[in-house]
Amino acid sequence: QVQLRESGGGSVAAGGSLRLSCAGTERTFLFYNVAWFRQVTGKEREFVAVVNWNGINTDYADSVKGRFTISRDNGQSTVYLSMSSLNPADTAIYYCAATRDWDKLTVRSQYGYWGQGTQVTVSS
C-alpha cells in the first residue's frame, strides 16, 4: 500500500511553467508505476503522463507531448511533472496515481492509489 501527496500547483500566465511533485509516503513507492491525471469539473479525469518504477519508460497524452516531462527520484520517493508552455486548456486539478501493473496505463481504473490533487490554473 502507498499513500501519495501532490504539491506544486498554482496560478500561472499562459506560456509559463510549473513543476508538480508527487511524494510517496512508503518505501515501497519505488516499486510502483506512477501517473499523472487531470480533471476539469464536469469532465472525465484524463491521463496526462506515466513513468515506470525505475524511471526508464514514460508515456504521454498527445496533448502534452513536447511540453510536459515526467520523471522520478526514488531516493526521494517523489515523481515530478514539469510543465512548460502552459495554456488555459491545461487548467485542471492534477492527481498522481500509482499501480504495480504496466498495462493499460492510460485507464483510470488501473490505478488503486490516488493523491488528493493539486490545482493548476493558467490564465490567458
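Side-chain heavy-atom separations under 4.5 angstrom define the hydrophobic clusters, and Tyr80 shares its cluster with no other residue.
A donor-acceptor contact shorter than 3.5 Å links the side chain of Thr78 to the backbone of Gln76. The backbone N or O of Gly15 lies less than 3.5 Å from no partner atom in the side chain of Ser85, so there is not a single donor-acceptor pair. The closest donor-acceptor contact from the side chain of Asn87 to the backbone of Ser123 lies at 3.5 Å or more, if one exists at all.
Heavy-atom minimum distance, Ser124 versus Ala14: CA-CB, 4.3 Å. Summarising the geometry of Tyr94 relative to Asp90, their closest heavy-atom pair is OH-O, 2.6 Å, with the distance given to 0.1 Å. Here the shortest heavy-atom pairing between Ala92 and Arg38 reads CB-CB, 3.8 Å. Scanning all heavy atoms of the two residues, the minimum distance from Val34 to Cys96 falls at CG1-CB, 4.4 Å. Here the closest heavy-atom approach between residue Gln116 and residue Arg5 is recorded as OE1-CA, 3.8 Å. Across all non-hydrogen atoms, the minimal contact from Asp103 to Gln110 is O-NE2, 2.8 Å.
At least one side-chain heavy atom of Met83 sits less than 4.5 Å from a side-chain heavy atom of Val120. The shortest side-chain heavy-atom distance between Thr99 and Leu105 falls under the 4.5 Å cut-off.
Atom OG of Ser84 and atom CZ of Phe68 lie 7.5 Å apart (nearest 0.5 Å). The CH2 atom of Trp36 sits 5.0 Å away from atom SG of Cys22, with the distance rounded to the nearest 0.5 Å. Taken to the nearest 0.5 Å, the OG1 atom of Thr121 stands 11.0 Å off from the CG atom of Leu86. Taking CG of Leu81 as the reference point, atom OG1 of Thr69 lies at 8.0 Å (rounded to 0.5 Å).
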Check the pair Tyr111, Phe37 against side-chain contact (heavy atoms from CB on, under 4.5 Å), reporting the backbone distance first and the verdict last. CA-CA 11 Å; Tyr111 296 84; Phe37 285 72; 3.6 Å; yes
Apply side-chain contact (heavy atoms from CB on, under 4.5 Å) to the pair Tyr113 and Gln3, showing each step before the final yes or no. CA-CA 7 Å; Tyr113 305 100; Gln3 293 184 337; over 6 Å; no
Could you walk me through whether Trp102 and Val50 satisfy the side-chain contact (heavy atoms from CB on, under 4.5 Å) test, starting with their C-alpha distance in whole Å, then the side-chain angles of each, then the deciding distance to 0.1 Å, before giving a yes or no? CA-CA 10 Å; Trp102 188 254; Val50 64; 4.1 Å; yes
Under the side-chain contact (heavy atoms from CB on, under 4.5 Å) rule, what do Val51 and Val79 come out as? Steps first, then yes or no, please. CA-CA 8 Å; Val51 61; Val79 168; 4.1 Å; yes
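Annotation: cation-pi pair Arg72/Phe29 present, NZ/CZ under 6.0 Å from the ring centroid and within 45° of its normal. Cation-pi check for Arg100 over Tyr32 is met; the charged atom lies under 6.0 angstrom from the ring centroid and within 45 degrees of its normal. Annotation: cation-pi pair Arg108/Phe47 absent, no NZ/CZ under 6.0 Å from the ring centroid and within 45° of its normal.
Between the side chains of Asn54 and Asn52, at least one donor N or O sits under 3.5 Å from an acceptor N or O.
Side-chain heavy atoms closer than 4.5 Å link hydrophobic residues (I, L, V, M, F, W, Y) into clusters, and following such links, even through other members, never connects Ile70 to Trp53. Hydrophobic clustering keeps Val64 apart from Tyr95 (ILVMFWY residues linked when any side-chain heavy atoms are closer than 4.5 Å, directly or through intermediates).
Other residues, nucleotides and ligands place more than 12 heavy atoms under 6.0 Å from the CD atom of Glu46.
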